[in-house]
Amino acid sequence: AQSVTQLDSQVPVFEEAPVELRCNYSSSVSVYLFWYVQYPNQGLQLLLKYLSGSTLVKGINGFEAEFNKSQTSFHLRKPSVHISDTAEYFCAVSDQYNQGGKLIFGQGTELSVKP
Amino acid sequence: DVKVTQSSRYLVKRTGEKVFLECVQDMDHENMFWYRQDPGLGLRLIYFSYDVKMKEKGDIPEGYSVSREKKERFSLILESASTNQTSMYLCASRPFGQTTEAFFGQGTRLTVV
């Protein structure tokens, strides 16, 4: 069965510092990977997705993620964070055999950006 | 813009009540989902539906049922609410296919007292 593990439940960083949010997945077949962001009191919105091709994927708000098949990882990065990036971030996986297109989510990482 | 609308942002219900959470999407998506969000546990799938009148159990279906009589509407039903069902409930819809983006509603924060 598929699973997603986000290795850090909370990540505190100072403004303008770089950040990496870690995500590992388990699946024996081809996967599609997603990062979503949830701002306080809001639903989730898509940051970026990896479907195929280049392993470095760029998303909105300056975020990017790198797919590493050998490490089964899809870590999210930003070179310089802002206060407005404070939110919860979720990694999700879908695979080619998933009935009904269901997404499996990780536990979430709370990013807290301090001035 | 795609819109997924959940009927309530906040609900307070009593133990033993039957509770209906409604979700409507306006983009003709085939797939619809109900997730439960709890701190430290992320989003856990309760039920999903890939077509009208079709439903599949997710990872935590116990204590819940669903209904999808029309393509745009997916309802989550708590037959007899219990305090351990106090949580944030998120509805999502997604077009057919594994590579498409899922769109989420704003969530319903349910408190069972």
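Order of the sequence lines fixes the chain letters, A, B, ..., with proteins taken first and strands second; residue numbering starts at 1 for each chain.
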Would you indicate whether [X], at its atom [atom1], is surrounded by more than 12 heavy atoms from other residues, nucleotides or ligands within a distance under 6.0 Å?
X	atom1	answer
N84(B)	CG	yes
R73(B)	CZ	no
F96(B)	CZ	no

Same cluster (ILVMFWY, side-chain, under 4.5 Å), [X] and [Y]:
X	Y	answer
L21(A)	I83(A)	yes
I60(A)	W35(A)	yes
V24(B)	Y89(B)	no
L7(A)	V11(A)	no
I60(B)	L78(B)	yes

Gap separating the [atom1] atom of [X] from the [atom2] atom of [Y], nearest 0.5 angstrom:
X	Y	atom1	atom2	result
E101(B)	L48(A)	CD	CG	11.0 Å
L43(B)	L103(A)	CG	CG	10.0 Å
F105(A)	L41(B)	CZ	CG	14.5 Å
R109(B)	N41(A)	CZ	CG	7.5 Å

Region of E88(A) that comes under 4.5 Å of a non-hydrogen atom in chain B: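 For E88(A), the contact with chain B is made by the side chain alone.
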message: Please classify the contact of R9(B) with chain A as side chain, backbone, both or neither, using a heavy-atom distance under 4.5 Å.
response: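 For R9(B), the contact with chain A is made by the side chain alone.
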- request: Report the option among V4(A), L33(A), T109(A), L51(A) that has the most heavy-atom pairs separated by less than 4.5 Å from atoms of chain B.
  value: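 Top count of heavy-atom pairs under 4.5 Å with chain B: L51(A).
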When S9(A), G108(A), G43(A) are compared by non-hydrogen pairs under 4.5 Å with chain B, the top option: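 With the most close heavy-atom pairs to chain B, the winner is G43(A).
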- prompt: Which atoms form the tightest heavy-atom contact between F48(B) and K102(A), and what is the distance?
  reply: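 That closest heavy-atom pairing would be CE2-CD, 3.8 Å.
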- request: Go through the steps for Q37(B) and Q38(A) under the test side chain to side chain contact (heavy atoms under 4.5 Å, CB included), then give the verdict.
  value: CA-CA 11 Å; Q37(B) 182 180 10; Q38(A) 183 181 35; 2.7 Å; yes
task: Sort out for me which residue in Y35(B), F104(B), F103(B) forms a ring-ring contact (aromatic ring centres under 6.0 Å, His included) with Y36(A).
output: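 It is F104(B); the other options fail the test.
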